[in-house]
2 protein chains.
Amino acid sequence: MEKFKVEINEIAEFTKALSHPARIEILKVLAEKQMCICGEIVEVLPLSQSTVSQHLKELKNIGLIQGEIEGKKSCYCINWERFQELHDKYDDFFQNLLIQKSNFNTCC
Amino acid sequence: MEKFKVEINEIAEFTKALSHPARIEILKVLAEKQMCICGEIVEVLPLSQSTVSQHLKELKNIGLIQGEIEGKKSCYCINWERFQELHDKYDDFFQNLLIQKSNFNTCC
DNA sequence: CATTATTATCGTATTTTTACGATGTTAAAT
DNA sequence: ATTTAACATCGTAAAAATACGATAATAATG
């Protein structure tokens with residue numbers, strides 16, 4: 001994956017983490033409930049427990065969420081700091097694109 | 001793909017379109033040059049012509065770029081209206097998430 | 001008209017993603 | 001000490017994404 005610049009790769013990793021509806025839904029649920037255990041997420045999603053666990057792992061890998069084992073349950077929540085960091089990088093990039101939008105750009 | 005709500009699916013489709021570094025790079029190049037022919041994009045990317053063509057097609061499918069055949073060349077540019085539309089949807093969604101970030105949220 | 005240049009599409013191989021059931025692990029409950 | 005509940009991980013099947021060479025299509029060029 002060294003074909004592209006680091007900045008580009010970082011954004012792509014972020015958008016990739018968000019590229020599945022289940023993972024977006026998970027973030028939404030976690031934001032609403034502040035935190036919840038795995039089971040609550042599984043209840044809401046139309047996917048099996050193991051599949052949800054996999055999606056949780058992916059979000060965890062990129063750091064968007066945190067998970068901590070509490071007894072026999074597993075408590076998840078959003079890592080807001082990381083969330084902001086990634087969102088900001090994405091946003092910077094796309095704001096820069098928008099700046100370059102010219103007015104007389106009828107294009108093609 | 002009817003498992004999730006339309007709003008969630010739309011965002012996922014957008015992020016999916018941006019989930020590959022090549023496609024992000026293409027958008028960057030197109031923003032910088034306002035418009036360019038396929039060959040110019042191929043020159044810049046570390047991928048074969050056919051692969052780049054495929055990525056262009058995906059961006060075109062979701063409407064982020066437009067392509068028009070001009071003689072034997074093919075002129076591409078960003079569809080800024082669509083770009084804004086998708087970006088706004090994404091942004092709305094994540095701003096809503098951020099609103100729900102509570103201060104006393106030490107989580108887990 | 002034949003050739004060349006530009007790009008899209010086809011066929012296909014490889015890799016990655018997605019999904020699920022089965023199993024393993026650990027802590028709580030009985 | 002068993003049993004149960006909650007969850008992660010494993011194994012694996014199926015689908016999708018990625019990449020490329022070869023070919024097709026079309027317009028410009030000679």
Side-chain angles (χ1 to χ4, degrees), chain A residues 1-4 8-9 11-27 29-30 33 35-62 64-77 107-108, chain B residues 1-4 8-9 11-27 29-30 33 35-62 64-77 107-108:
Chain A
M1 252 288 212
E2 302 307 316
K3 285 186 173 182
F4 297 89
I8 303 278
N9 278 331
I11 295 170
E13 277 168 37
F14 176 55
T15 48
K16 191 173 181 180
L18 302 178
S19 71
H20 194 290
R23 294 194 287 272
I24 295 183
E25 184 74 41
I26 288 172
L27 289 178
V29 173
L30 283 178
K33 302 203 179 182
M35 70 175 69
C36 49
I37 62 168
C38 178
E40 294 180 278
I41 301 172
V42 172
E43 270 177 20
V44 175
L45 297 198
L47 296 169
S48 75
Q49 178 262 319
S50 58
T51 303
V52 171
S53 236
Q54 235 174 255
H55 284 301
L56 286 168
K57 196 176 178 184
E58 283 181 66
L59 289 172
K60 208 172 163 184
N61 282 341
I62 199 177
L64 276 171
I65 67 173
Q66 289 174 297
E68 206 164 289
I69 297 168
E70 283 193 358
K72 66 183 174 185
K73 301 183 179 181
S74 200
C75 173
Y76 283 100
C77 64
C107 171
C108 304
Chain B
M1 255 291 209
E2 302 307 316
K3 286 186 174 183
F4 297 89
I8 303 278
N9 277 331
I11 295 169
E13 278 168 35
F14 177 55
T15 48
K16 191 173 181 179
L18 301 179
S19 70
H20 194 291
R23 293 194 287 272
I24 296 184
E25 183 74 40
I26 287 171
L27 290 179
V29 173
L30 283 178
K33 302 202 180 182
M35 71 176 66
C36 48
I37 61 167
C38 178
E40 293 179 279
I41 301 172
V42 172
E43 270 177 18
V44 174
L45 297 197
L47 297 168
S48 76
Q49 178 263 319
S50 58
T51 302
V52 172
S53 235
Q54 237 175 252
H55 285 302
L56 286 168
K57 196 177 178 182
E58 284 180 66
L59 289 172
K60 208 172 163 184
N61 282 341
I62 200 178
L64 277 171
I65 67 173
Q66 290 174 296
E68 208 164 289
I69 297 167
E70 284 193 357
K72 67 182 172 187
K73 301 183 179 181
S74 201
C75 174
Y76 283 99
C77 64
C107 170
C108 304

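So you know, we letter chains A, B, ... as the sequences are listed, proteins then strands, and number each from 1.
- Residue-level contact check: B:Glu40 touches neither bases nor backbone, having no heavy atom under 4.0 Å from any strand.
- A:Ser53 comes within 4.0 angstrom of a nucleotide base, judged by non-hydrogen atoms across all strands.
- Judged by distance alone, the side chain of A:Arg23 and the main-chain N or O of A:Lys16 form a donor-acceptor pair under 3.5 Å.
- Across D:dT18, D:dT26, D:dA5, the shortest atom-to-atom separation from the side chain of A:Lys72 is found for D:dA5.
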Where protein sits on nucleotides 20-25 of chain C, one letter per nucleotide: B base, S sugar-phosphate only, - none, heavy atoms under 4.0 Å: BBB---

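- Checking the phosphate oxygens (OP1, OP2) of C:dT17, a side-chain nitrogen or oxygen of A:Lys16 falls inside 4.0 Å.
- Across all strands, B:Ile69 comes closer than 4.0 Å to no nucleic acid atom at all (heavy-atom distances).
- Atom-to-atom, NZ of A:Lys57 to C1' of D:dC7 comes out at 13 Å; the value is rounded to the nearest Å.
- Checking C:dA8, D:dT18, D:dC7 against every side-chain atom of B:Ser74, the shortest atom distance belongs to C:dA8.
- In terms of position along DNA chain C, the nucleotide closest to A:His55 lies nearer the 5' end than the nucleotide closest to the other residue of the pair A:His55 and A:Gly71.
- A donor-acceptor distance shorter than 3.5 angstrom exists from the side chain of B:Thr15 to the backbone of A:Leu18, with no hydrogens or angles considered.
- The phosphate of D:dA6 has neither OP1 nor OP2 within less than 4.0 Å of any side-chain N or O from A:Tyr76.
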